[in-house]
Asker: 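Got a structure here, written out as structure tokens. Questions coming.
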Amino acid sequence: MTILQALLDQEVDALRAVLATLKDELAALHERAPEALLAASNAKAEAVARAARLEQQRRDYLEANPGRPAVPESRLLNELKKLAAECRQQNDANGLLIRGQRRRVEGSLNLLRGGSATPDTYGRDGETRPVRGPKTPLASY
């Protein structure tokens, strides 16, 4: 096994770990389990950092040793690309779910504060401004 193959094997394993943590994060989001979400987020950060270190090692190695990768190495590079795309897709899906949950929470808080269920807006100066509705007390609903 070449050095490049070993680096690629480690990087593939690291991206599989990232993908696993993204799936754990999604499960915690669906369950609305804060402790599980925190654990998944911490594990994701560690897995991403490990994958980034391995990627940098691979790039450094390739820079110092130019040339075409052999067939097994090309297969591993293709697997890396596939895994990276899966990680990006899962991370985007998780982000979409997080943004949706955040909007619902902000809308609920605005409603409890006497505003509308729409989230705050931003003014020209970049400051948030709550969208206020009629001043109807919550107890009147």
Asker: Is there a donor-acceptor contact under 3.5 Å linking the side chains of Asn42 and Glu46?
Answerer: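 There is no such pair (donor and acceptor under 3.5 Å, judged by atom type) between the side chains of Asn42 and Glu46.
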Asker: Hey, quick one: are Leu26 and Leu37 part of the same hydrophobic cluster, counting side-chain heavy atoms closer than 4.5 Å, chains of contacts allowed?
Answerer: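 Same hydrophobic cluster.
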Asker: Spell out, yes or no, whether Leu7 and Val12 are grouped together once hydrophobic residues are joined by side-chain heavy atoms under 4.5 Å, including indirect joins.
Answerer: yes
Asker: Can you check whether Arg58's main-chain N or O pairs, donor with acceptor, with Glu11's side chain at less than 3.5 Å?
Answerer: no
Asker: Excluding sequence neighbours, so at least two apart, what forms side chain to side chain donor-acceptor pair (under 3.5 Å) with Ser41?
Answerer: none
Asker: With sequence neighbours left out, what residues match Glu73 under side chain to side chain donor-acceptor pair (under 3.5 Å)?
Answerer: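 Per chain and number, Glu73 pairs via side chain to side chain donor-acceptor pair (under 3.5 Å) with Thr2.
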Asker: Does one hydrophobic cluster hold both Tyr61 and Leu77, with members joined at side-chain heavy-atom distances below 4.5 Å?
Answerer: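 Tyr61 and Leu77: one cluster.
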Asker: Charged N to carboxylate O under 4.0 angstrom, Glu86 versus Lys23?
Answerer: no
Asker: Which pair of non-hydrogen atoms, one from Leu22 and one from Asn94, has the smallest distance, and what is that distance?
Answerer: O-ND2, 3.0 Å
Asker: Look up atom CG in Asp60 and atom CD in Gln57, then write down how far apart they are to the nearest 0.5 Å.
Answerer: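 Answer for the CG-CD pair, Asp60 versus Gln57, is 8.0 Å.
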Asker: Do you know the tightest heavy-atom contact between Val18 and Val48?
Answerer: CG2-N, 3.7 Å
Asker: Surrounding CD1 of Ile3 (heavy atoms of other residues, nucleotides or ligands, distance under 6.0 Å), is the total greater than 12?
Answerer: no
Asker: Applying side chain to side chain donor-acceptor pair (under 3.5 Å), name anything that partners Asp24, two or more places apart in sequence or on another chain.
Answerer: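 If we apply the side chain to side chain donor-acceptor pair (under 3.5 Å) test to Asp24, skipping adjacent residues, there are no hits.
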Asker: Tell me whether Arg88 at atom CZ has more than 12 heavy atoms from other residues, nucleotides or ligands lying less than 6.0 Å away.
Answerer: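 Counting neighbours around CZ of Arg88, 12 or fewer heavy atoms of other residues, nucleotides or ligands fall under 6.0 Å, so no.
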Asker: So Leu76 and Leu80, do their side chains get closer than 4.5 Å, heavy atoms only?
Answerer: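 In short, these two side chains do not touch, never coming nearer than 4.5 Å.
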Asker: Going only through I, L, V, M, F, W and Y residues with side-chain contacts under 4.5 Å, is there a path from Leu15 to Leu19?
Answerer: yes
Asker: Quick one: do the Asp9 and Gln5 side chains pair a donor with an acceptor below 3.5 Å?
Answerer: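 On atom types as modelled, these side chains do not qualify, holding no pair under 3.5 Å.
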Asker: Using modelled atom types and a 3.5 Å cut-off, is there a donor and acceptor pairing between side-chain atoms of Asn91 and backbone atoms of Cys87?
Answerer: no
Asker: Look at atom CD of Gln101 and say whether more than 12 heavy atoms of other residues, nucleotides or ligands are closer to it than 6.0 Å.
Answerer: yes
Asker: Does any part of the side chain of Arg102, heavy atoms only, come nearer than 4.5 Å to the side chain of Val105, both counted from C-beta?
Answerer: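 The answer is no, as the side chains (C-beta and beyond) never meet within the 4.5 Å cut-off.
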Asker: For the NE2 atom of His30 and the CD atom of Glu25, what is their distance to the nearest 0.5 Å?
Answerer: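 These two atoms lie 11.0 Å from each other.
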Asker: Would you indicate whether the side-chain heavy atoms of Gln10 and Arg53 approach each other to under 4.5 Å?
Answerer: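 Heavy-atom side-chain distance check fails, nothing below 4.5 Å.
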Asker: Under a 4.0 Å threshold between the charged nitrogen and the carboxylate oxygen, would Arg59 count as salt-bridged to Glu55?
Answerer: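 Salt bridge present between Glu55 and Arg59.
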